[in-house]
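Here the structure is laid out as structure tokens; the discussion comes afterwards.
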Amino acid sequence: MRGITRDTLVEMFDRKLFYVFAAVTVLSLLVVFLTGSFEVDMSIDTAGERDAEMLNEMLGDPIIRVFEFYLSFLVFLAVMGTAGLIPNMLEKGRADYYLSKPLSRTALFLNKFFGILIVYGLTIMLSGVIIYAAVGLIHDLFCTRIIYLFLFSMIAFFIWFSITAFAGVAFGSNAIALMSAFIIWILQKILAGREILEALTSSKIIKYIVDAFYYIIPKTGEISDIAIKLTAGRPVNDWMPFYSSFLFALALLYVAIVIFKLKNY
Amino acid sequence: MQVIEIQELTKIYYTGLKKGNIVALDSVSLEVQQGEILGLLGPNGAGKTTLFKVLLNITQITSGQVLILGLPPYNPESRKKVGYLPENHRFPNHLTGLGLLEFTGRLFGLSEKEIDSRSEHLLNLVGMERWGNTKIRKYSKGMSQRIGLAQAMISDPEILLLDEPTDGVDPIGKIEIRKVMERIKTEGKTIFLNSHLLSEVESVADRVAILTRGKLVRIGSVSSLTSRQSQFEIEAAIGNEIIEIPEDVGKRITLSTTGMIVELKNDEDINFIIDQMRMRKIKIRSIKPMKITLEQSFFETVTENREAVQ
């Protein structure tokens, strides 16, 4: 594990992806400091618990939403940057090198998968922590529940990466890995408005199919909403998008491992 | 002791109905003994690389049995003591040469101390000590081969599978790699060598196996493959003497005052020829089984089998 994780880190620097994250972080810091000069009335006495809740409601939600968007953007960058890593490992001539080592294919795949997840996940976290620290310093606003946004961003990255990793193993192509993530993203956007789709047809079969797709396809947009609610301290009524998306990712990982074990290189 | 045992190994690539299936290996059986260098020869597409891939579970067996150091290839432990230099390799090119050795060592589960000491030694051994900190993507083909050989040896393997190890290497590099192989052999290691360079195989291999269209058509020592069966070159002061060879014994191919070449039905009949010459008091200087080059032997074997198939 240590070997592959360290190698992923070296590869990340070599592909200059770390510098992309660093540049995005620096630019965002500039934006934070520039917008930080706007006057925000912080003269609320936050001594009591109720006042803290008020502060959250007044200032928390917009900042949480902007920050959630920032983390989602980092996840998007990570998905773009990592989509080619598994097909790259399995390309002709390189697969021979990896597969000739005394590791089972399951261990090799999982080490690579979680190595990438750890390295890129930590990079997202680092960038997020820097930006949140800057926002917190300027607005004197720190909330421990922000951890939910970080946690759910990691889960979203896990889900997206399981899609590109699966496509990478099944088709061995960087392009298809990226396209598969894009197709799933489009599908989840369409299915998010499934009520409109269902209203357009009277066919029960089509409604069932649309519903089935909705439950199967991961719903990272709705997971973001769950994260925002949790961070803002509001109750979450429906955890289904989280469970179904997580299960989808696990199932894809399982199928990817099965394909990887059976494939000839 | 056998370190590699292959019995009735068949590998079929299923390519879809239109193209038909490809039989890459067809009932191949062979054994590799500890400490020997076995050369694997065959024309392009004969199944040589597939055989290596099957041994390492890179490609899976269709039928038959394979054991490496007593373990089947699907068991990752079977690769613990095997070093592999793939053909047309593409090592992770974000690494330096030294980085590749370190990474490979970690994949083999070696300690940092072991990796450090072996990396330095191997870089020296393959003549890459000056290039250890250069990125692999900047290496020439020959340098890539050298570093590939070093990574194959990082775990101090019992068996080395070398697929075209001197491909792209300059003549001096080829000699150096050959010396490395000879040195490895003296340490009691086994080398399974796949090479298109017949002279290279001839000079280093103890035994040679020839694959054609997925079938193992010949296997034996280099001398057995290069000796022309039942043909002998006799150097002797024959002068004007006439030595008759009965038809049931064989025939004379060439004759001169200083010697002749005979082809016998049985190798033992050479005694009959010797007796004939002694009776005539002909001074025999030498009797040698006729030798051909490995290249000739390979060409004849491949051609014969091609004709047999057609």
Side-chain angles (χ1 to χ4, degrees), chain A residues 1-20 81-82 84-112 114-116 118-120 168-169 172 174 257-265, chain B residues 11-15 24 49-50 52-62 68 71 73-96 99-100 102-110 112 115 135-137 144 148 151-152 154-155 157 161 163:
Chain A
M1 181 73 180
R2 72 193 159 104
I4 293 180
T5 307
R6 195 189 290 195
D7 178 61
T8 307
L9 189 65
V10 175
E11 190 176 17
M12 185 195 195
F13 276 97
D14 185 71
R15 288 163 68 108
K16 317 253 184 315
L17 284 169
F18 186 81
Y19 306 110
V20 173
T82 55
L85 294 183
I86 287 189
N88 189 34
M89 180 180 85
L90 302 176
E91 70 182 9
K92 206 171 161 54
R94 193 161 293 153
D96 299 27
Y97 166 75
Y98 282 101
L99 295 174
S100 64
K101 304 297 173 278
L103 281 171
S104 69
R105 290 194 182 193
T106 306
L108 177 63
F109 177 79
L110 290 178
N111 279 339
K112 188 74 181 171
F114 285 105
I116 292 169
I118 288 168
V119 169
Y120 285 80
V169 167
N174 300 359
I257 290 169
V258 171
I259 293 171
F260 187 41
K261 282 173 85 168
L262 295 173
K263 253 191 161 181
N264 291 318
Y265 289 92
Chain B
K11 173 67 197 173
I12 301 170
Y13 288 107
Y14 300 100
T15 54
T49 297
T50 301
F52 277 16
K53 287 188 174 189
V54 163
L55 294 176
L56 294 159
N57 202 39
I58 295 168
T59 288
Q60 285 159 31
I61 295 167
T62 303
I68 315 234
L71 294 168
Y74 58 77
N75 183 343
E77 286 295 306
S78 69
R79 299 189 285 279
K80 197 101 192 168
K81 284 282 161 196
V82 180
Y84 177 45
L85 170 63
E87 185 191 19
N88 298 326
H89 51 71
R90 295 187 68 189
F91 297 122
N93 58 12
H94 56 273
L95 295 173
T96 61
L100 177 73
E102 289 170 351
F103 179 51
T104 309
R106 286 188 200 108
L107 291 177
F108 272 99
L110 304 183
E112 294 298 321
I115 292 170
K135 287 265 166 80
I136 289 174
R137 69 166 74 97
S144 291
Q151 67 79 34
I154 190 77
S155 64
L161 302 180
D163 202 347

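Just so we're on the same page: letters track the sequence lines, and every chain starts at 1.
- Contact of B:Glu102 with chain A is not made at all, since no heavy-atom distance falls under 4.5 Å.
- Of the atoms belonging to A:Tyr98, it is side-chain heavy atoms, and not backbone ones, that fall under 4.5 Å from chain B.
- Under a 3.5 Å cut-off, the side chain of B:Arg90 and the backbone N or O of A:Arg94 do not form any donor-acceptor pair.
- Top candidate by heavy-atom pairs under 4.5 Å with chain A, chosen from B:Thr104, B:Asn57, B:Leu95, is B:Thr104.
- Residues of residues 258-265 of chain A lying within less than 4.5 angstrom of chain B, judged on heavy atoms, are A:Lys261, A:Leu262, A:Lys263, A:Asn264, A:Tyr265 in numerical order.
- Per-residue heavy-atom pair counts under 4.5 Å with chain A were compared for B:Asn75, B:Leu85, B:Leu56, B:Thr59, and the maximum is reached by B:Thr59.
- Between chain A and the options B:Gly83, B:Pro92, B:Gly99, B:Ser78, the largest number of non-hydrogen pairs under 4.5 Å is found for B:Pro92.
- Taking CG of B:Leu55 as the reference point, atom OG of A:Ser100 lies at 12.0 Å (rounded to 0.5 Å).
- Taken to the nearest 0.5 Å, the CG atom of A:Asp96 stands 4.5 Å off from the CD1 atom of B:Ile58.
- For the salt bridge (charged side-chain N to carboxylate O under 4.0 Å, His left out) condition, the pairs that include at least one residue of residues 9-18 of chain A, sequence neighbours left out, are A:Glu11-A:Lys112, A:Asp14-B:Lys135, A:Asp14-B:Arg137.
- With chain A as partner, the option from B:Lys80, B:Glu87, B:Gln60 having the largest number of non-hydrogen pairs under 4.5 angstrom is B:Gln60.
- No other option in B:Phe52, B:Tyr13, B:Tyr84, B:Tyr74 has as many heavy-atom pairs under 4.5 Å with chain A as B:Tyr84.
- Residue B:Ile61 does not touch chain A at all, counting heavy-atom pairs closer than 4.5 Å.
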Stepwise side-chain contact (heavy atoms from CB on, under 4.5 Å) check, A:Arg6 with B:Arg106: CA-CA 10 Å; A:Arg6 195 189 290 195; B:Arg106 286 188 200 108; 2.5 Å; yes

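- Separating the NE2 atom in B:His94 from the CG atom in A:Asp7 is a distance of 3.5 Å, to the nearest 0.5 Å.
- Across A:Leu99 and B:Arg79, no two heavy atoms sit closer than the pair O-NE, 3.4 Å.
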